[in-house]
Undergrad: 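Before I ask anything, let me first share the structure, which is written out below as structure tokens.
Keep in mind that this is a model prediction, so the values were computed, not measured.
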Amino acid sequence: MRAARSRRGLIGTTSMTLLVLLGSTLPGSTAACAQTSEPTNEQLQKEILQRDAIIRSLVRRVEKLERQVGTGASASASPAAAATRSAARSRPGAQPPPPTVTALEAEAPASAPARPNTPPASSAGATQQPADTNPPAPGQFEVSPEAAERALDRTLVATGNLLVPKGFAEVQPLLSYTRRENPVQVLFNLNRNEFNWALDMRFGLPWESQFEIALPYNLVQQQVTDLRMVPPQQEQASNRWGNSFGDLTVGLAKTFVHESGWIPDLLGRVSYEIPTGPDNSNQVPLPSRRNNLAFSLTATKRQDPLVFVATGGYTKAFETGGIDLGNQYNFLAGAFLATSPETSLRAVLQENFIQSIRFHDVTIRGSDTVQSILTFGASSILGRGVLVDLQVGIGLTTFAPKYSVILSGTYRFGVPGL
């Protein structure tokens, strides 16, 4: 202990001596400069270099003394020294502790040896910075995976109001049920329960375009009720079931105009329904064997969290088997609401104006109809790339479906090279 105290006293005395020498040297240089005329830049730089050399020399001498004392003894004595300094500061009238070597080391250049008690500067801050902090160029935007998975945008794509991004594809299996109750004659009522399974696929293409293909499977129950009987009874012979694959539909869609100010997004679509399915099964008419070419234009306007859509379309019906089911004019207007990033709600009103049916170039009078359908829907994201959608439609006119329910699931995935 006495040896350690004598060594610490030696170091303290040496440090004080060196500081006094340094202080006496610098004022002397300053006084020398003051006795002469105005110092030049070269003289100032020379004296600064001399001062730095003296400091480095003093630091080396102190480090040499520390090594002679030994790191083990200094480490064991450091707690006691800290307690002594604390007690000295707590006593009234006590002198402040002598300056330590760290005061000199703070002025040392970067080439000085690293201090054992000071951890090296960490580079974690540099690695945590993003690789690319430049803002996007004008007209471009960055889409995070979370934003790309928003249920609102996915629902707009699934309902045909937006397109699948380039390089991606979507598969959408769906199941629907439609109830129709049509009084076709005075003495009879025709009721139908239509079940439909379909597989829709959409592929994002370059130039902001999309290819679409869909194949349904139809199962229909048809019931004829005899109104002449009291109470009305269903005819057993007219309760039939029919089923078959439906018509294959292919289409192409493209975005023409992007939203800017009061101008909405404009999306055009053309599709062709190929008459690949039969027109009836087990004497039950099926919603197939149609030869239709459809055109539509969709406008989309965003006012987050709302999106307003409006669609106008025309369907040209070609004659198949001597029957022309009549051309159609379609109008649709709706609003989509994002209740959260994972959930969206919507309400859509659809109007279909169907012209008269022609059979072997003979127009059937009274066969033209107007169908109004109000649809409510909800969709939610269940997982990465998976969207589940449920919609319920209510018929508002006589020849519209009484009600319908559609449940679908959409899965999005990337397609390399698309």
Undergrad: The test is side chain to side chain donor-acceptor pair (under 3.5 Å); show your working for T298 and T311 and say whether it passes.
TA: CA-CA 4 Å; T298 300; T311 300; 3.0 Å; yes

Undergrad: Could you label the plane-to-plane angle of the Y217 and F245 rings as parallel, tilted or perpendicular, counting under 30° as parallel and over 60° as perpendicular?
TA: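 Perpendicular: the ring planes of Y217 and F245 meet at over 60°.
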
Undergrad: Any idea which heavy atoms bring P278 and R289 closest together, and the distance?
TA: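 So the minimum-distance heavy-atom pair works out to C-CB, 3.8 Å.
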
Undergrad: Going by an N to O cut-off under 4.0 Å, is there a salt bridge joining E259 and R302?
TA: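 Salt bridge between E259 and R302, a charged N being under 4.0 Å from a carboxylate O: no.
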
Undergrad: Run the salt bridge (Lys or Arg N to Asp or Glu O under 4.0 Å) test on E170 and R154 for me, step by step, so that the C-alpha distance in whole Å, both residues' side-chain angles and the decisive distance to 0.1 Å come before the verdict.
TA: CA-CA 10 Å; E170 287 189 352; R154 294 289 306 276; 3.4 Å; yes

Undergrad: What is the distance from atom OG1 of T300 to atom CG of L266, rounded to the nearest 0.5 Å?
TA: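 Nearest 0.5 Å value for the OG1-CG distance: 8.0 Å.
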
Undergrad: Any side-chain heavy-atom pair from D200 and I213 closer than 4.5 angstrom?
TA: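 No. Closest side-chain heavy atoms not under 4.5 Å.
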
Undergrad: So which atom in A378 and which in L345 form the shortest heavy-atom distance, rounded to 0.1 Å?
TA: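 Smallest heavy-atom distance, with atoms named: CB-CD2, 3.5 Å.
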
Undergrad: Give the intermediate values and the outcome of side-chain contact (heavy atoms from CB on, under 4.5 Å) for residues N191 and R179.
TA: CA-CA 8 Å; N191 302 325; R179 172 68 177 181; 3.8 Å; yes

Undergrad: Measure centre to centre between the rings of Y329 and F331, then say whether the value is under 6.0 Å.
TA: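 Not under 6.0 Å, so no.
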
Undergrad: If you take all heavy atoms of F203 and A169, which pair is closest and at what distance?
TA: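 In terms of heavy atoms, the two residues are closest at CD2-CB, 3.7 Å.
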
Undergrad: Checking R150 against E342 for the salt bridge (Lys or Arg N to Asp or Glu O under 4.0 Å) test, could you report, in this order, the C-alpha distance in whole Å, the side-chain angles of both residues, the deciding distance, and whether it holds?
TA: CA-CA 6 Å; R150 288 205 314 169; E342 296 84 13; over 6 Å; no

Undergrad: Look at the side chain of D247 and the backbone N and O of T276, then say whether any donor-acceptor pair between them is shorter than 3.5 Å.
TA: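 The answer is yes, because a donor-acceptor pair under 3.5 Å joins these two groups.
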
Undergrad: Checking side chain to side chain donor-acceptor pair (under 3.5 Å) for the pair E212/Q210: CA distance, chi angles, key distance, verdict?
TA: CA-CA 7 Å; E212 306 166 344; Q210 173 181 290; 2.7 Å; yes

Undergrad: Do you know which two heavy atoms are closest between T255 and L163, and how far apart they sit?
TA: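 The pair with the smallest heavy-atom distance is OG1-CD1, 3.4 Å.
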
Undergrad: Side-chain contact, heavy-atom cut-off 4.5 Å: Y272 with N292?
TA: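 With C-beta onward as the side chain, the pair stays apart.
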
Undergrad: Look at the side chain of S260 and the backbone N and O of I263, then say whether any donor-acceptor pair between them is shorter than 3.5 Å.
TA: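 Between the backbone of I263 and the side chain of S260 there is no qualifying donor-acceptor contact (under 3.5 Å).
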
Undergrad: Side chains of T155 and L387, heavy atoms from C-beta outward: is any pair under 4.5 Å?
TA: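 Yes, their side chains come closer than 4.5 Å.
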
Undergrad: Could you walk me through whether N196 and L174 pass side-chain contact (heavy atoms from CB on, under 4.5 Å), step by step?
TA: CA-CA 8 Å; N196 177 274; L174 60 86; 3.9 Å; yes

Undergrad: Using the side chain to side chain donor-acceptor pair (under 3.5 Å) rule, take R240 and Q223 through it: C-alpha gap first, then chi angles, then the decisive distance, then the call.
TA: CA-CA 7 Å; R240 299 177 180 273; Q223 302 170 340; over 6 Å; no

Undergrad: Could you measure the distance from the NE2 atom of H360 to the CD1 atom of I323? Nearest 0.5 Å is fine.
TA: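 Reported to 0.5 Å precision, the distance equals 7.0 Å.
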
Undergrad: Yes or no on side chain to side chain donor-acceptor pair (under 3.5 Å) for Y177 and N193, after CA distance, side-chain angles and deciding distance?
TA: CA-CA 7 Å; Y177 167 74; N193 296 313; 2.8 Å; yes

Undergrad: So, the side chain of S367 versus the backbone of I364: is there a donor-acceptor pair under 3.5 Å, distance only?
TA: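 Yes.
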
Undergrad: If you draw a 6.0 Å radius around NZ in K46, do more than 12 non-hydrogen atoms from other residues or ligands fall strictly inside?
TA: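 No.
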
Undergrad: With a 4.5 Å limit on heavy-atom distance, are the side chains of P401 and I373 in contact?
TA: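 Sidechains of I373 and P401: in contact.
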
Undergrad: Let me confirm one number: the CG-CG distance from D153 to N161, rounded to the nearest 0.5 Å.
TA: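 Those atoms lie 11.5 Å apart.
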
Undergrad: Are D324 and F318 side-chain neighbours, meaning at least one heavy-atom pair lies under 4.5 Å?
TA: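 Of all side-chain heavy-atom pairs linking F318 with D324, none is under 4.5 Å.
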
Undergrad: Is any side-chain heavy atom of I54 closer than 4.5 Å to a side-chain heavy atom of L58?
TA: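 Yes, close enough: below the 4.5 Å cut-off.
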
Undergrad: Filter on salt bridge (Lys or Arg N to Asp or Glu O under 4.0 Å), then keep only pairs touching residues 394-406, sequence neighbours left out; what's left?
TA: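 Checked against salt bridge (Lys or Arg N to Asp or Glu O under 4.0 Å) - neighbours excluded - the pairs reaching residues 394-406 are E181-K402.
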
Undergrad: If I take atom CD from residue E351 and atom CG from residue N330, how far apart are they, to the nearest 0.5 angstrom?
TA: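 E351 CD to N330 CG: 10.5 Å, rounded to 0.5 Å.
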
Undergrad: Would you say S244 and S281 are linked by a side-chain donor-acceptor pair, where the criterion is simply a distance under 3.5 Å?
TA: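 Per modelled atom types, S281 and S244 side chains form no pair under 3.5 Å.
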
Undergrad: Is there a donor-acceptor contact under 3.5 Å from the side chain of R56 to the main chain of R51?
TA: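 Not at all, since once roles are kept as given, no pair shorter than 3.5 Å links the two residues.
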
Undergrad: Without hydrogens or angle criteria, can the side chains of Q50 and D52 be said to hold a donor-acceptor pair below 3.5 Å?
TA: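 There is no such pair (donor and acceptor under 3.5 Å, judged by atom type) between the side chains of Q50 and D52.
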
Undergrad: Before you tell me yes or no, could you show the steps for V386 and T410 under side-chain contact (heavy atoms from CB on, under 4.5 Å), namely the whole-Å CA-CA distance, both residues' side-chain angles and the distance that decides it to 0.1 Å?
TA: CA-CA 6 Å; V386 179; T410 305; over 6 Å; no

Undergrad: Just wondering, are more than 12 heavy atoms of other shown residues or ligands nearer than 6.0 Å to NZ in K254?
TA: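 More than 12 heavy atoms, drawn from other residues, nucleotides or ligands, come within 6.0 Å of this atom.
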
Undergrad: Of all the heavy-atom pairs spanning P285 and R192, show the shortest one and how long it is.
TA: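 Nearest pair, atom of P285 first, then R192: O-NH2, 2.9 Å.
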
Undergrad: Side-chain contact test, heavy atoms from C-beta onward, threshold under 4.5 Å: evaluate it for E319 versus N291 and give yes or no.
TA: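 No. Closest side-chain heavy atoms not under 4.5 Å.
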
Undergrad: Return the CZ to CD distance between R412 and Q172, rounded to the nearest 0.5 Å.
TA: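 So the CZ of R412 and the CD of Q172 are separated by 11.5 Å.
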
Undergrad: Locate the shortest heavy-atom distance separating T397 from V370; write the atom from each residue and the value.
TA: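 Taking T397 first and V370 second, the nearest heavy atoms are OG1-O, 2.9 Å.
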
Undergrad: For the residue pair T363 and R358, confirm or rule out a side-chain donor-acceptor distance under 3.5 Å.
TA: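 Present: a donor and an acceptor within the cut-off.
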
Undergrad: What verdict does the side-chain contact (heavy atoms from CB on, under 4.5 Å) test give for I406 and L175, after you've listed the backbone C-alpha separation in whole Å, the side-chain angles of each residue and the deciding distance to 0.1 Å?
TA: CA-CA 6 Å; I406 301 177; L175 170 63; over 6 Å; no

Undergrad: Say you draw a straight line from CZ of F336 to CG of L156; how long is it, rounded to the nearest 0.5 Å?
TA: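 It is 5.5 Å, given to the nearest 0.5 Å.
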
Undergrad: Quick check: do L199 and V171 have side-chain heavy atoms less than 4.5 Å from each other?
TA: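 They are in contact (side-chain heavy atoms under 4.5 Å apart), so the answer is yes.
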
